[in-house]
Amino acid sequence: MFVRSSWLLLWGGIAWASAEPVTLHIGGTFPMESGSGGWAGGEACLPAVQMALEDVNNRLDILPGYVLNMTNHNSQCQPGLAMQQLYDFLYKPPTKLMLLTGCSPVTTVIAEAAPVWKLVVLSYGGSSPALSNRNRFPTLFRTHPSANMQNPTRIHIMEKFKWKRFTILMSVEEVFVTTAKDLEAIVNLIKALARKKGIRVDRQSFYGDPTDAMKTLQRQDARIIVGLFYVTEARKVLCQAYHNGLYGRRYVWFFIGWYADTWYYPPPEEHLNCTAEQMAAAAEYHFTTESVMLSRDKVPAISDMTGMQFQERLTQHFQKDTANVGGFPEAPLAYDAVWALALAFNCTRNNLPPHIRLENFSYDNKVIADTLFQCVKNTSFRGVSGKVMFSDSGDRIARTQIEQMQGGKYKIMGYYDTTTGDLEWYNKEQWMNGRGPPPDSTVIKKHAMTVSNEFYYPTILFSVLGILACILIYLFTQKHHERLVIFQSQPECNNILLVGCSLCLFSLFLIGLPSDDISVPESLFPFLCHARVSILLFGFTFAYGSMFAKVWIVHRMGATENQQLASRQKDEPISPTKFYVIVAALTAVDVFVCFVWILIDPLHLTEQKFPLFTPADSEEDEMIMPVLQQCQSNQQEVWIGIIMGFKCLLLVFGTFLSYETRNLKLRFINDSRFVGLAIYNVAVMTLVTAPVVTLLIHGKVDANFAFISLTVLICTYISVGLIYGPKIRHIIKVPPSADEVQQNGNNGPAIMSKIDQKRYDMLKKENETLQKQIEEKERKIHECRERLEALTTSSETDNMNAQLLNGNNKPLADENMTYSTTTTLTTTIPLIDLQLNGNPGQIYETENDDDRSSTSSDEILL
Ligand code: ABU
């Protein structure tokens, strides 16, 4: 049985071998040159197809009894020409069973028309994503992967080098338009999924001449550019890139990877305005992406060759370096396309009904066409380009290879597997100047305009000294609180002044932030804003309010209509509560305004941007944008107006009160004149600083800070100095005992008003005059006494006495009446003051009026 079967098989084989093989005809278009632009892949793909036909025809197990024959045309990658060639295929016998096409524009027109003649089209060189449309191209299959395959790879590389912005520069061909759209769609999808929010893609297109598009790229400051065009246009773009300076350290170009290795050398017939060196310089460090088209597998393909063996065999067809052979990278695809076609024929032959033969195909034979379509669709084999199988849309699935030009040679950087999303990266990339990947756009670095250290630290030093001085003064006055100069100066009120000044000085720490050395996190900025305003505001209110309270009270007492009451009050202690009430009232206004402000229109960080400038010492592509960080409310002007208005009113009113009370002095506000001086100082400084800071030097950080700091420092130092300086000096110079005498005797020069001084001088003068009068009277008395003594001792004494007793006794009685002891007269002196107060001129009038003088003396003595 076995012997009989073997015999029959052998006999059949001999019979088949001896029979004339049936020829199956196919048509092929090959772009042997790129014409006005396109892919000239036929140069290598045609020999590869011929090699495949030869190999298939030599195989006994594939299409036994058949030979494949191909009629081919040079399409020049021109769709119009290809249409004419299609008619040739169709209307010139023999009937073609299938068509092989290369170059997308040609594949597009042929694959769109072929279904009319029930023809299956197999493309070895059509990369256009548009070709994946089954409705438009119902009978198209391709061994060439879609150009879309590179898009996920490109995005992955962008992410790897942290490029968020890139520009597509493309030629207006459907293959590139659809590729660009697919790339944009991926970017939009990424954006939608929020994986990379900032990613942005722009597109520039051109037809034939890229000059204008290149200028636009330059204007747009494009740095990462994905080029989608055929090689002829690629050379034009590169030349323009050279002339427009769009190459070098700051730029990264992505080109299509299937150009020949030396594609950038300008062919003389293209008349490019660039030398080979210029083109090489512009091409350096660009990247390419292309689907892997040659299997590196050691396992032989269906043709019994590995990918490498195929390449070696094909290389022998060319006399020149294969790097310059058009379509050499795609040749494995063309070779595998023939094998796919042969296997599909084989499959169709086996699957046709017995009465229908493959060679009987006609352009209206639906059965053969459908069977052939199904067979191509189900094709699966190991080719020299890798595993060959087709998706539902007729596309080939393949890995992507990434290369970079380094020193004029392409180096493999890695591979990307679209199906798994894995990037195999060899970290061999190089960058101009070796500084890593360039940024995707001019890096604009924000530079916060901060207070310079030269201003900040000295201010802080003086602030600290001021605060320390306030603390020491407080301790000093506490220690000497029993001294009248302190006790009678409303120390509680002065302590509020010290607290206020310390707060004002402390606010300078915050107003100077951020400084060169100290930055403030953005999250803390609102807090800083409110702290600055509140501390300065309350500091001012405490310090100025305490001084204002003093002049206010002095003025009120000085202006009292009942002068007698006022003069009595002048020497009475004043309750500190009065001062507290005034300061508390002013503080309450601040608290209310601050509270409402923070509640309804809080301060927040705003950034005022200033013109960009290029740093002098930077080699990188960066510009500096000065940014002024400000505390801002939506209704800032309103709030500033309310606060400034109130404070200005207080300052002006305080100045007026100080002027009004300049000559008044209360014993228990012994420093009111110094307070007045301090108020003048604060008013002048503040009323000058406020408009200068808000209007003239706004935006000048250092000047602004310097002005505010100087004002605060001068105001606080002078106020504290004026109010405490004399007191400290007095306490140090005058011992406490002398202090008492001075206070009680009312003769302390430091604490006597002008009016008191005048009165004191007048009284002194009057006292002297009275002294003289008394001396004169005593002298007269003395004379009278002497005369009296003399009379009593003489002999005539009796006679005289008789005379006197008879008719002249009145004068003697008067003399006796005016007689008084020395003691009595001396006691009279201080009492003259009282007489002066009642009627100052009286004393002088009574000099020759003994009666009234004695009456007066009697009254005083009583
Ligand atoms: N790899 C060559 C593709 C040519 C084209 O799609 O037109």
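Any value given below was found using the heavy atoms of this structure, including those in side chains, with hydrogens, waters and symmetry copies removed. Order of appearance sets the numbers: ligands from 1, and atoms from 1 within every ligand.
Side chain of Q50 to main chain of A48: no donor-acceptor pair is present (N/O by atom type, distance under 3.5 Å, no hydrogens or angles).
Contacts of C103 classified as disulfide (SG to SG under 2.5 Å), with partners at least two apart in sequence or in another chain: C77.
The ring-ring contact (aromatic ring centres under 6.0 Å, His included) analysis of residues 270-304, with sequence neighbours excluded, yields the pairs F254-F287, F255-H286, W263-H286, H286-Y410, F287-W431.
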Pick out the protein N or O atoms lying less than 3.5 Å from any N or O of ligand 1, and list each pair with its distance.
from: ligand 1; atom 1: 1 (N); to: H144; atom 2: NE2; distance (Å): 2.5
from: ligand 1; atom 1: 1 (N); to: W258; atom 2: NE1; distance (Å): 3.4
from: ligand 1; atom 1: 1 (N); to: E330; atom 2: OE2; distance (Å): 2.6
from: ligand 1; atom 1: 6 (O); to: S104; atom 2: OG; distance (Å): 2.5
from: ligand 1; atom 1: 6 (O); to: S127; atom 2: N; distance (Å): 2.8
from: ligand 1; atom 1: 6 (O); to: S127; atom 2: OG; distance (Å): 2.6
from: ligand 1; atom 1: 7 (O); to: S104; atom 2: N; distance (Å): 2.7
from: ligand 1; atom 1: 7 (O); to: S104; atom 2: OG; distance (Å): 3.2
from: ligand 1; atom 1: 7 (O); to: Y230; atom 2: OH; distance (Å): 2.4

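Between Y230 and F176, the ring center distance clears the sub-6.0 Å criterion. Proximity of the aromatic rings of Y242 and Y247 is defined here by a centroid distance below 6.0 angstrom, and this criterion is met.
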Just distance, no hydrogens or angles: give the donor-acceptor pairs under 3.5 Å from side chains in residues 411-418, sequence neighbours left out.
from: Y415; atom 1: OH; to: Q401; atom 2: OE1; distance (Å): 3.2
from: D417; atom 1: OD1; to: T419; atom 2: N; distance (Å): 3.0
from: D417; atom 1: OD1; to: T419; atom 2: OG1; distance (Å): 2.5

